[in-house]
Structure formats: structure tokens, C-alpha cells
Amino acid sequence: MASRNLALCALIVAFFHVSLGQTPPKSEVLPEFLALLENHTVTQGRDVSFTCVVNHLQSYKVAWIKSDSRAILAIHTHMVAHNPRLSVTHNGHNTWKLHVTNVQPNDSGTYMCQVNTDPMRSQTGYMKVVIPPDIMDLDNTADMLTARENGDLLLRCRATGNPEPLVIWRREDGRNITLRNENSVKRTRTFEGEQLDLRAIQRQEMGSYLCIASNGVPPSVSKRYYVNVRFKPLIKVSNQLVAAPVDSDVLLQCYVESSPKALNTWYRNNGIKLLAGEKHNISEVTINDYAYQLNLTIRRLDKSDFGTYTCSAENAFGKAEGSIRLQVENLFRVSGRSPGTGPGTSSSTFRTDAIKRPKRCYVIRIMLHHSHCDRLDDFNSQLKQTLFRERVESYNYNEFSLLKDAHGGITIV
């Protein structure tokens, strides 16, 4: 090692001695560069090389110098700098190369290929090291990304790289980001900046947000932030009164919003909890991150199944309930002559659906299967017979409103 260092020292002394102490004869052809030293923009971790082509070098030497630090890197093919990532090669003629492997940010700067003439001749090239963007872990716990509804939440995304990255936010599902302040509400597809301030956050803003960093150096990077919004359950029942005939299957539904997800239960009006089995099928259909449909299917209805059913949802923030009343739907058929027909004329068939309503109110729907039945008065006697047979205790036919539709149906309300 000592002998090697001595040899390098001697080489350096000789290099400067030639350059400072010798003046070439006027007839001597001086070294000349045949090509400019290139500039490089290189991504961190890649390899790069500078090429120096010199003609008529004769006894002169080529040296590589990093100009900004004034450090001699190599003379001819001998390395001076103790950097294992640097090396030099010579093709045996007029071309020297300086190789830099696994380029790092501190390799940026000006490089000089120099010949030790007097005065010295040199060429310079510049290396710029660029770094792809990277996102630092700042908000890496789920608790930091959770807020109560109408609360505030701050998302932070710190990106590094060279050049400095541009950071934008967007929602993964493509919906708008809602930005609120004291005076206004703004909705935008993307937001630029390292911090995304979600104020008075609502359940509709729950979901995944993407922080995307880019600086023109591929690849761009992104980080996914899942935002949780907590609130008490909400139940909506679109059909609070459901009618179905005996011995059929019926589906009862409740719409639920809850975060965190609620414990869901179905009850009868007597407080008995319903369990999934042959009689009852209980299922849930997810709608989005916080909403779902509760389904209760009751199979082969009998008289004991009619009554009130309650859907219940409960989480750590509260409880909600919704009720559905299941009533029997009577289906029966009436046969008789159509209006205007005489003996020997084929009779018409009537389909009548009777649904019992609260306060002993009835809705009667009569479907006319005979195309030329256009008078309502002739149905009076048959309607009375039908109601009597169905054990309708009392009614006032004269107070009914009769509506006839284009399909030959009569609705009596």
C-alpha cells in the first residue's frame, strides 16, 4: 500500500512538473481534443461515464479532476481518489473514459478532462443527479385517519426527490374532494399540496384518498390513505307496510348507514329475536363503505307470521330501529256475466285483490278479463257477494271511488 501511494505521488508530481516546467518546442504538435465532454443527467443508482478523446498526446498525460472540489480523481489509467465507484479506462489509442457506477447525489458537479500542457488544456462536462420521488411515512396509523362526523381531519404527505416533487391529492373512487372553510364549500377533483385539511367531514367523504408525488423522474409514486368517519346508525324503511298472501315468501328490507359497522338484528313485535334458518333467511347487501341493505326473507307465510317486524342496528355511537308491518293479502276470483250479455252468452271472469288497511279500510282492485265490459253499475251485486263471501264486516259501496284504467282494471278505494 505504501509503495502504491508513493507511486501515485510521483505520478502527480510528474504530471504537474511537465505541465509547469516544460515548454514544448515550437515545431511540436500540441495535444488537441476531438470532441466536447458531454453533460449528463442521470438517475440516482444508475451508471454513467465521461469520454475524453485526445489526439497527439505524445508524452503528456490525461487527468480527471472534479472541478468544484479540486480533487484529482485519476491520472492516465491510475486512480487517485479512493472511491470504489470510480474507475478509468483507456482504449490504447486516444480515448479515455471516467466511469461512475451507482451514482449518488454527491456525484453531481463539474468534471474536467485535463492535459498537462503549459498552459494546461482541458474540457469540462456537468453531471446532474436526479432522484425519483419518494413519500415519507407520516400518518401510518389508522387512529390518525379517523374522525367523528362533523369533525376535522388533516392528511399529510411529505415527498422527497430531486427536483422537488409536486404533490397532488385525489379520491380513489374518482369523486370530488370537499374543501370547507368558514365562508364557503369547494369541490374539486384534485388538490395540490402536502397537507389536505378536511373540515366538518361528512360520511360521504369516507373512503380512500391518494397522495401522488411526481417530479418528472419516473416513476411517480403514490400512497393510499383510508379515511374513517364515525357516526351513529341510521335506518330508513321505504316500505313500512307490506302485504303478501298466505303460503308465499315475502322480503322485508331496511336501509342502514353505520360506521363502524353495526350489530344488526331482526325482531318480532313480541321482542323475539329472529335467527336464520329454514323459516327466515337473513342477509346483507353492501352498497358502499358505510351503507348496506338488510334483508329478511320469510318463507311459506302462515297466519302467525303477520304482524310487526323491527330491524335494529347498534354500534358504539348509538342505536337505530325501523319497523315494518306485514299484512295478509287476500286473493280471490269472481265469476259472472259481463255487462250487456244475455242467456247463452259466455260469462266474464273477474280477478279481485282485496288488501286490508288500518281502520277497516279496504282497497279493492278488480281486473276485467272481458274486453267489452265498460259499465261499472253491473258489478255492484257481484261485488257485494264477493265482500260478503270474504267476510268483510261492513262497507259503504256508495262512498267508494271507482277508477278505470286503460288495461280494463277497476280500482275501488
Side-chain angles (χ1 to χ4, degrees), residues 142 145-151 153 173 175 178 200-208 226-331 353-363 365 413:
L145 303 178
T146 300
R148 290 288 299 270
E149 193 166 38
N150 294 311
L153 193 61
D173 57 14
R175 291 187 291 173
T178 303
I201 192 168
Q202 301 298 303
R203 65 191 65 183
Q204 296 83 0
E205 296 162 58
M206 182 187 302
S208 296
Y226 189 84
V227 171
N228 293 287
V229 180
R230 301 308 195 196
F231 55 90
K232 66 178 292 186
L234 168 72
I235 288 183
K236 297 178 183 179
V237 179
S238 57
N239 296 319
Q240 296 181 346
L241 183 62
V242 177
V246 174
D247 205 33
S248 67
D249 296 348
V250 68
L251 174 64
L252 308 182
Q253 293 182 311
C254 291
Y255 171 83
V256 181
E257 294 182 3
S258 176
S259 176
K261 194 173 185 301
L263 176 63
N264 305 303
T265 313
W266 286 92
Y267 294 96
R268 287 296 305 270
N269 53 343
N270 54 10
I272 297 177
K273 178 180 177 180
L274 301 181
L275 301 176
E278 292 184 2
K279 185 67 176 178
H280 303 107
N281 179 53
I282 299 174
S283 63
E284 299 177 7
V285 178
T286 300
I287 299 174
N288 56 38
D289 289 334
Y290 60 87
Y292 49 94
Q293 192 87 30
L294 286 182
N295 296 326
L296 171 64
T297 302
I298 308 171
R299 300 188 181 96
R300 297 180 299 278
L301 288 173
D302 57 40
K303 292 182 179 180
S304 64
D305 293 322
F306 295 98
T308 301
Y309 289 78
T310 300
C311 55
S312 172
E314 183 175 7
N315 66 13
F317 299 96
K319 182 178 181 180
E321 292 184 343
S323 295
I324 303 173
R325 181 168 179 77
L326 178 60
Q327 294 186 343
V328 63
E329 179 180 5
N330 294 318
L331 301 179
D353 300 340
I355 306 175
K356 188 174 182 180
R357 302 295 189 191
K359 298 183 180 180
R360 312 189 69 78
C361 174
Y362 286 80
V363 173
R365 183 172 289 106
V413 295

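Note that these values count all heavy atoms, side chains included, but never hydrogens, waters or copies made by symmetry. Residues take their numbers from the sequence shown, with the count starting at 1.
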Yes or no on side-chain contact (heavy atoms from CB on, under 4.5 Å) for W266 and H280, after CA distance, side-chain angles and deciding distance?
CA-CA 10 Å; W266 286 92; H280 303 107; over 6 Å; no
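In this view, S259 and R230 satisfy the side-chain hydrogen bond (donor to acceptor under 3.5 Å, both in side chains) rule, not counting sequence neighbours. Residues satisfying the side-chain hydrogen bond (donor to acceptor under 3.5 Å, both in side chains) test with E149, not counting sequence neighbours, are R203. D173 pairs by the side-chain hydrogen bond (donor to acceptor under 3.5 Å, both in side chains) definition with R175, not counting sequence neighbours. Residues forming a side-chain hydrogen bond (donor to acceptor under 3.5 Å, both in side chains) with Y290 (at least two apart in sequence, or on another chain): none. Here A291 pairs with Y255, E257, I287, N288 under the side chain to side chain contact (heavy atoms under 4.5 Å, CB included) rule; sequence neighbours left out. In terms of the salt bridge (charged side-chain N to carboxylate O under 4.0 Å, His left out) criterion, residue partners of K319 (sequence neighbours excluded) are, by chain and number, E321. Among residues two or more places apart in sequence or in another chain, the salt bridge (charged side-chain N to carboxylate O under 4.0 Å, His left out) test is passed with D289 by none.
Taking CG from L241 and CZ from R325, the interatomic distance works out to 7.5 Å, rounded to the nearest 0.5 Å. In this structure, I272 CD1 and T310 OG1 are separated by 12.5 Å, a value rounded to the nearest 0.5 Å. Rounded to the nearest 0.5 Å, atoms CD1 (I282) and CG (L275) are 6.5 Å apart. Rounding to the nearest 0.5 angstrom, the gap separating the CD atom in Q327 from the CZ atom in F306 is 9.5 Å.
The closest donor-acceptor contact from the side chain of N315 to the backbone of P260 lies under 3.5 Å. Between the Q202 side chain and the A200 main chain, a donor and an acceptor come within less than 3.5 Å of each other.
Within the 4.5 Å cutoff, side-chain heavy atoms of L251 are placed close to those of N295. Counting heavy atoms from C-beta outward, T178 and E205 have side chains that approach closer than 4.5 Å. Taking 4.5 Å as the limit, some side-chain heavy atom of Y309 sits within range of a side-chain heavy atom of I298.
Taking all atoms of both residues into account, the shortest heavy-atom contact from A147 to I201 is CB-CG2, 4.2 Å. Nearest heavy atom pair, residue A313 against residue A262, reads CB-CB, 3.8 Å. Closest approach of T308 to S323, counting heavy atoms only: CG2-CB, 4.1 Å. Residues Y292 and S258 come closest through the heavy atom pair OH-CB, 4.1 Å.
Within the structure, disulfide bond (SG atoms under 2.5 Å apart) pairs that include any residue of residues 256-285 do not occur (at least two apart or interchain). Within the structure, every pair that satisfies the side-chain hydrogen bond (donor to acceptor under 3.5 Å, both in side chains) test and touches residues 296-307, not counting sequence neighbours, is listed here: K279-D305, D302-S304. Counting only residues at least two apart or in different chains, salt bridge (charged side-chain N to carboxylate O under 4.0 Å, His left out) contacts with residues 258-271 comprise K261-E284. Sorted by first and then second residue, the disulfide bond (SG atoms under 2.5 Å apart) pairs involving residues 235-278 (not counting sequence neighbours) are C254-C311.
Between the side chains of N239 and Q253, no donor-acceptor pair of N or O atoms lies under 3.5 Å.
When L296, L301, N269 are each tested for a side chain to side chain contact (heavy atoms under 4.5 Å, CB included) with L326, only one passes: L301.
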